[in-house]
Amino acid sequence: MPGLYRIVECPLELQEAIRAVSGPDRGAIAIFIGTTRDHHGGRPVQSLEYHAYVPMAEAVMRQIGQEIESRFGTQHIAILHRIGRLDIGDPSVIIAVGAAHRREALAACAHAIERLKEIVPIWKKEHYADSARWIEGLDPHESSS
């Protein structure tokens, strides 16, 4: 199945994701970039640390790609996620979807990030000035829009 699904320990490359989903039959490319923010739940965050079971995570990312192909009619998907320590502002995830039309590309991109947070075995640890803690599941403070 076409697509780009990778877990990496180095900085993410937006152009790599765009190249993976570009083509002459695609009139739209939708992109989501998740970045490390400086707060969560009212606490200042200094950095994040991501861990993953890479073979399973990449397999589940491919499964999300299959869902997108079935539901939105495009197989031009890139899902890249970084693991390791990330500083504030660093991109942790890039999702790109190429489709014939913007509505499909945008809807598929939104679906991909929601499913990634729901089912891909990636774990996040937040580091604060005085402690650190693992973050489990979907963040109730985040909107699903």
Side-chain angles (χ1 to χ4, degrees), residues 1 3-22 26-99 101-145:
M1 145 166 206
L4 177 63
Y5 308 96
R6 289 199 347 210
I7 304 288
V8 298
E9 293 187 49
C10 57
L12 300 176
E13 295 289 334
L14 176 60
Q15 290 304 315
E16 178 184 25
I18 292 171
R19 279 191 303 276
V21 302
S22 296
R26 278 145 260 166
I29 296 175
I31 297 169
F32 172 81
I33 302 172
T35 59
T36 306
R37 66 178 176 265
D38 66 356
H39 67 282
H40 178 242
R43 294 191 71 185
V45 174
Q46 293 189 333
S47 65
L48 292 182
E49 185 180 334
Y50 284 96
H51 295 263
Y53 175 46
V54 175
M56 181 182 280
E58 290 178 343
V60 175
M61 289 160 67
R62 282 189 295 279
Q63 174 190 327
I64 293 168
Q66 292 168 344
E67 290 175 15
I68 288 170
E69 182 175 2
S70 169
R71 186 169 175 180
F72 301 99
T74 184
Q75 57 186 339
H76 309 290
I77 303 124
I79 303 175
L80 306 173
H81 204 295
R82 188 169 168 191
I83 56 173
R85 184 182 175 280
L86 282 77
D87 292 323
I88 302 305
D90 286 347
S92 57
V93 61
I94 295 176
I95 296 173
V97 179
H101 304 285
R102 70 181 177 277
R103 282 187 182 90
E104 292 82 7
L106 290 166
C109 193
H111 178 81
I113 188 59
E114 295 305 322
R115 292 295 284 155
L116 181 134
K117 289 181 142 303
E118 289 172 358
I119 65 172
V120 178
I122 297 172
W123 303 279
K124 177 170 69 171
K125 187 175 193 179
E126 290 182 344
H127 292 270
Y128 314 105
D130 60 348
S131 63
R133 79 175 175 119
W134 290 99
I135 305 300
E136 295 184 30
L138 291 172
D139 183 347
H141 302 289
E142 292 180 3
S143 75
S144 59
S145 57

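Note that the structure is a prediction, hence the values are computed from the model and not measured.
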Engineer: Run His127 and Arg85 through side-chain contact (heavy atoms from CB on, under 4.5 Å) and show every step you take.
Structural biologist: CA-CA 10 Å; His127 292 270; Arg85 184 182 175 280; 5.9 Å; no

Engineer: Under a 4.5 Å cut-off applied to non-hydrogen side-chain atoms, are Ile122 and Val93 in contact?
Structural biologist: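 SC-SC contact between Ile122 and Val93 ruled out.
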
Engineer: Charged N to carboxylate O under 4.0 angstrom, Glu126 versus Arg43?
Structural biologist: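 Not counted as a salt bridge, because no side-chain N and carboxylate O are separated by less than 4.0 Å.
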
Engineer: Verify side-chain contact (heavy atoms from CB on, under 4.5 Å) between Ile94 and Leu14, making sure each step is shown before the conclusion.
Structural biologist: CA-CA 7 Å; Ile94 295 176; Leu14 176 60; 4.1 Å; yes

Engineer: Find the distance between CZ (Arg133) and NZ (Lys124) and round it off to the nearest 0.5 Å.
Structural biologist: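 With rounding to 0.5 Å, CZ (Arg133) is 9.5 Å from NZ (Lys124).
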
Engineer: How far does CD1 of Ile113 sit from CD1 of Ile95, to the nearest 0.5 angstrom?
Structural biologist: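 It is 4.0 Å, given to the nearest 0.5 Å.
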
Engineer: Please report the interatomic distance OG1(Thr36) to CD(Gln46), rounded to the nearest 0.5 Å.
Structural biologist: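 It comes to 13.0 Å.
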
Engineer: Looking at side-chain heavy atoms only, is the closest gap between Arg82 and Pro11 below 4.5 Å?
Structural biologist: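 Yes; the side chains approach each other to less than 4.5 Å.
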
Engineer: Salt bridge or not for Arg115 and Glu118, using N-O below 4.0 Å?
Structural biologist: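 Salt bridge between Arg115 and Glu118, a charged N being under 4.0 Å from a carboxylate O: yes.
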
Engineer: Give the minimum heavy-atom separation between Ile29 and Ile31, together with the two atoms involved.
Structural biologist: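 That would be CG2-CG1, 4.0 Å.
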
Engineer: With Asp38, which of Val45, Ile88, Asp87 fulfils side-chain contact (heavy atoms from CB on, under 4.5 Å)?
Structural biologist: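 Option passing the side-chain contact (heavy atoms from CB on, under 4.5 Å) with Asp38: Ile88.
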
Engineer: Looking at CD1 of Ile68 and SG of Cys109, how far apart are the two atoms once the value is rounded to the nearest 0.5 Å?
Structural biologist: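 Taking CD1 in Ile68 and SG in Cys109, the distance rounds to 8.0 Å.
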
Engineer: Does some side-chain heavy atom of Ile119 sit less than 4.5 Å from a side-chain heavy atom of Ile64?
Structural biologist: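 A side-chain contact under 4.5 Å exists here.
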
Engineer: Just verifying a value: how many Å separate Glu104 CD and Phe72 CZ, rounded to the nearest 0.5 Å?
Structural biologist: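 Separation between the atoms: 9.0 Å.
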
Engineer: Which pair of non-hydrogen atoms, one from Ala105 and one from Ala30, has the smallest distance, and what is that distance?
Structural biologist: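 Closest approach of Ala105 to Ala30: O-CB, 3.4 Å.
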
Engineer: Is it the case that more than 12 heavy atoms not belonging to Glu13 sit under 6.0 Å from its CD atom?
Structural biologist: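 Incorrect, the count does not exceed 12.
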
Engineer: Heavy atoms, side chains only, cut-off 4.5 Å: are His81 and Val120 in contact?
Structural biologist: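 The answer is no; the side chains never approach within 4.5 Å.
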
Engineer: With rounding to the nearest 0.5 Å, note down the distance linking CG in Leu12 to CD1 in Ile33.
Structural biologist: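 Those atoms lie 9.0 Å apart.
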
Engineer: Please give me the minimum heavy-atom distance between Val21 and His76, naming the atom from each residue.
Structural biologist: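 It is CG1-O, 3.3 Å.
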
Engineer: Shortest non-hydrogen contact from Pro44 to Tyr128?
Structural biologist: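 Answer, listing the atom of Pro44 first, then Tyr128: O-CD2, 3.2 Å.
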
Engineer: If you look at every heavy atom in Ser22 and Ile18, which pair is closest and at what distance?
Structural biologist: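 Of all heavy-atom pairs spanning Ser22 and Ile18, the closest is OG-O, 2.6 Å.
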
Engineer: Side chains of Ile135 and His40: closer than 4.5 Å at any heavy-atom pair?
Structural biologist: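 A side-chain contact under 4.5 Å exists here.
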
Engineer: Are His111 and Val97 side-chain neighbours, meaning at least one heavy-atom pair lies under 4.5 Å?
Structural biologist: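 The answer is no, as the side chains (C-beta and beyond) never meet within the 4.5 Å cut-off.
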
Engineer: Measure across Trp123 and Trp134 and return the closest heavy-atom pair with its distance rounded to 0.1 Å.
Structural biologist: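 Looks like CB-CZ3, 3.9 Å.
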
